[in-house]
Amino acid sequence: MNKASSSTFDPAAPSVAGMSLLSAGPARQVGVEVEFTGLRASAAARALQAGLGGHLVQEDPHAFSVHGSRLGDLSVQLDVRYVHPQAHNASLPLRMGRWSAALLGHVLAGFVPRELILSPLPVQRLAEVDGAVAILREAGARGRGRTRFGSLGLHFNIGLFRLDVTTILAFLRAFLLLEPWLRRETAGEVGRAMFMPGSFPRTYVRQVMAPDYRPDLVAFTDDYLRANPTRDRALDLLPVLQHFDEARVRARLPYEKIGSRPALHYRLPRAFVGEPGWSMMPAWNRWLAVERLAEDPNRLAALSSAYLRFDGSENAWLQLAQVHNGTG
């Protein structure tokens with residue numbers, strides 16, 4: 001292994017690239033999902049309507065939407081597909097009627113988180129989502145990263161202006177190279193690595209990093225599904241792959257919970273809605289390091305090549321990455 005250079009590994013350092021893959025196109029859009037407890041979906045939706053305006057609509061006894069709020073359309077729902085038959089019955093192995101689904105929701109409401117789902121916003125307005133979280137907190141929402149049964153997630157749905165396999169592959173490579181750093185930072189922020197999404201198989205990572213890996217969309221989808229037949233990944237590509245080819249994805253994963261959308265689904269394990277002052281923006285700012293690497297082809301190629309020559313631990317990889325993190 002080469003001796004480390006004097007430059008320190010700073011994934012958030014400015015990119016030397018000229019044009020951003022994302023900023024070169026139309027206005028960037030990012031959706032957000034935040035899980036919480038302590039407040040029923042109906043009460044949460046009413047509080048958001050009171051604070052942000054808009055028109056409240058009941059979708060079912062455990063799902064409510066607010067249309068036309070100052071943050072656009074948003075919804076709050078109990079985070080169990082079975083209690084929303086009108087939206088999910090087609091992708092469930094066991095289908096329930098409306099009455100039985102409503103009853104099940106009442107039984108589970110004391111244990112299962114609620115989820116705030118915001119439609120895509122211009123990235124410049126992303127920090128305003130913290131205001132919606134504050135409204136929920138003041139109305140009684142709780143959450144300190146986890147429940148007795150699992151995590152309380154924070155998810156970003158990151159829109160791409162160019163929907164092609166080359167763009168998606170660049171972002172996937174950049175994410176995989178920085179994932180050890182992202183995991184370390186996230187685990188440090190929440191105090192432990194519990195409930196972190198599963199890692200990508202190392203054989204798949206090496207396949208993706210190969211310089212001659214230039215699949216078309218069909219081959220890329222098949223490779224991804226073969227190696228990752230699950231949504232339990234921090235960068236979940238199932239939504240965008242299903243957006244392209246629902247039949248292909250559903251043939252492999254007929255009952256997986258997948259929301260089809262033209263976006264990268266970045267899943268973080270813990271949200272802290274109940275803690276005053278908590279903000280989702282540090283997590284978003286860490287994601288921007290992935291974008292900066294994805295838009296810098298030379299640095300991306302150098303780090304990918306270094307990864308293929310590397311055989312060691314995640315911590316050792318972070319040390320090796322310092323050597324390849326020059327200014328050009």
Side-chain angles (χ1 to χ4, degrees), residues 11-12 15 20-23 28-35 79 113 115-127 129-130 132-133 145 150-163 165 167-190 193 195-200 204-205 208 220 224 228 230-244 249 256-273 278-295 300:
S15 167
S20 167
L21 286 171
L22 289 174
S23 63
R28 298 185 51 193
Q29 299 268 313
V30 180
V32 182
E33 304 168 18
V34 188
E35 295 178 349
D79 194 22
E115 184 175 35
L116 167 64
I117 304 171
L118 291 107
S119 297
L121 286 166
V123 68
Q124 295 85 353
R125 299 189 62 196
L126 199 55
V129 177
D130 283 342
V133 171
S151 67
L152 294 170
L154 167 65
H155 302 170
F156 294 102
N157 296 309
I158 303 161
L160 298 174
F161 82 90
R162 189 166 62 231
L163 282 175
V165 69
T167 303
I168 296 171
L169 181 57
F171 274 83
L172 177 60
R173 282 173 170 156
F175 178 83
L176 293 172
L177 290 165
L178 296 183
E179 187 175 20
W181 172 74
L182 291 167
R183 283 178 172 270
R184 185 187 67 185
E185 294 298 304
T186 301
E189 181 182 72
V190 302
F195 301 125
M196 294 287 286
S199 298
F200 286 86
Y204 177 71
V205 177
V208 167
F220 179 80
Y224 185 90
N228 307 281
T230 174
R231 65 190 181 99
D232 185 31
R233 297 288 184 266
L235 186 62
D236 175 16
L237 298 187
L238 292 178
V240 70
L241 295 179
Q242 182 165 294
H243 171 79
F244 284 120
V249 173
E256 190 74 38
K257 182 182 178 183
I258 307 170
S260 177
R261 58 177 70 90
L264 305 179
H265 189 52
Y266 179 36
R267 303 174 63 247
L268 292 119
R270 302 175 78 183
F272 294 78
V273 171
W278 175 75
S279 171
M280 65 173 195
M281 293 308 293
W284 172 252
N285 289 333
R286 285 193 291 269
W287 164 261
L288 292 180
V290 175
E291 295 189 4
R292 281 185 277 266
L293 180 56
E295 70 190 32
L300 183 60

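Keep in mind that this is a model prediction, so the values were computed, not measured. The figures that follow rest on heavy atoms only: side chains count, while hydrogens, waters and symmetry mates do not.
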What is the minimum heavy-atom distance between [X] and [Y], and which atoms define it?
{"X": "Val273", "Y": "Glu35", "result": "CG2-O, 3.7 Å"}
{"X": "Thr186", "Y": "Pro269", "result": "CG2-CD, 3.8 Å"}
{"X": "Ala234", "Y": "Pro197", "result": "N-CB, 3.5 Å"}
{"X": "Ala289", "Y": "Trp181", "result": "CB-CZ3, 3.8 Å"}
{"X": "Glu179", "Y": "Phe200", "result": "OE1-CD1, 3.8 Å"}
{"X": "Pro262", "Y": "His243", "result": "CB-NE2, 3.7 Å"}

At what distance, to the nearest 0.5 angstrom, does [atom1] of [X] lie from [atom2] of [Y]?
{"X": "Leu293", "Y": "Leu288", "atom1": "CG", "atom2": "CG", "result": "12.5 Å"}
{"X": "Leu126", "Y": "Arg28", "atom1": "CG", "atom2": "CZ", "result": "9.0 Å"}
{"X": "Glu33", "Y": "Glu115", "atom1": "CD", "atom2": "CD", "result": "4.5 Å"}
{"X": "Arg125", "Y": "Gln29", "atom1": "CZ", "atom2": "CD", "result": "10.0 Å"}
{"X": "Leu154", "Y": "Arg270", "atom1": "CG", "atom2": "CZ", "result": "12.5 Å"}
{"X": "Ile258", "Y": "Thr230", "atom1": "CD1", "atom2": "OG1", "result": "9.5 Å"}

Report task. Examine distances only and state if a side-chain atom of Tyr224 and a backbone atom of Leu237 form a donor-acceptor pair shorter than 3.5 Å. Result ->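 Yes, Tyr224 side chain to Leu237 backbone: donor-acceptor pair under 3.5 Å.
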Query raised in the report: Okay, side chain of Arg173, backbone of Val208: is any donor-acceptor separation there less than 3.5 Å?
Result: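 Pair found, side chain donor or acceptor close to backbone of Val208.
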Kindly indicate whether the side chain of [X], heavy atoms from C-beta on, has any atom under 4.5 Å from the side chain of [Y].
{"X": "Tyr266", "Y": "Leu182", "value": "yes"}
{"X": "Val32", "Y": "Leu121", "value": "no"}
{"X": "Leu160", "Y": "Phe171", "value": "yes"}
{"X": "Phe244", "Y": "Leu163", "value": "yes"}
{"X": "Phe272", "Y": "Val133", "value": "no"}
{"X": "Met280", "Y": "Leu268", "value": "no"}
{"X": "Arg267", "Y": "Asp232", "value": "yes"}

Query raised in the report: Do the ring planes of His155 and His265 sit parallel (below 30°), tilted (30 to 60°) or perpendicular (above 60°)?
Result: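 Perpendicular: the ring planes of His155 and His265 meet at over 60°.
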**Report entry** side-chain hydrogen bond (donor to acceptor under 3.5 Å, both in side chains) involving Ser119 - partner list, sequence neighbours excluded
**Finding:**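 With sequence neighbours excluded, Ser119 shows a side-chain hydrogen bond (donor to acceptor under 3.5 Å, both in side chains) to no residue whatsoever.
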Requested in this report: Could you walk me through whether Leu300 and Leu177 pass side chain to side chain contact (heavy atoms under 4.5 Å, CB included), step by step?
Outcome: CA-CA 9 Å; Leu300 183 60; Leu177 290 165; 3.8 Å; yes
Report task. Applying ring pair (Phe, Tyr, Trp, His ring centres under 6.0 Å), name anything that partners Phe156, two or more places apart in sequence or on another chain. Result ->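 In terms of ring pair (Phe, Tyr, Trp, His ring centres under 6.0 Å), with neighbours along the sequence ignored, Phe156 is linked to Trp284.
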Query - Note: Lys257-Asp236 ion pair, threshold 4.0 Å (strictly below) - result: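 Result for this pair is no, no salt bridge flagged.
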Requested in this report: Check side chain to side chain contact (heavy atoms under 4.5 Å, CB included) between Ser199 and all other residues, then give those that pass, not counting sequence neighbours.
Outcome: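 Counting only residues at least two positions away or on another chain, Ser199 forms a side chain to side chain contact (heavy atoms under 4.5 Å, CB included) with Arg183.
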Requested in this report: Would you sort out whether Phe220 and Leu172 count as a side chain to side chain contact (heavy atoms under 4.5 Å, CB included), showing the intermediate values?
Outcome: CA-CA 11 Å; Phe220 179 80; Leu172 177 60; 3.9 Å; yes
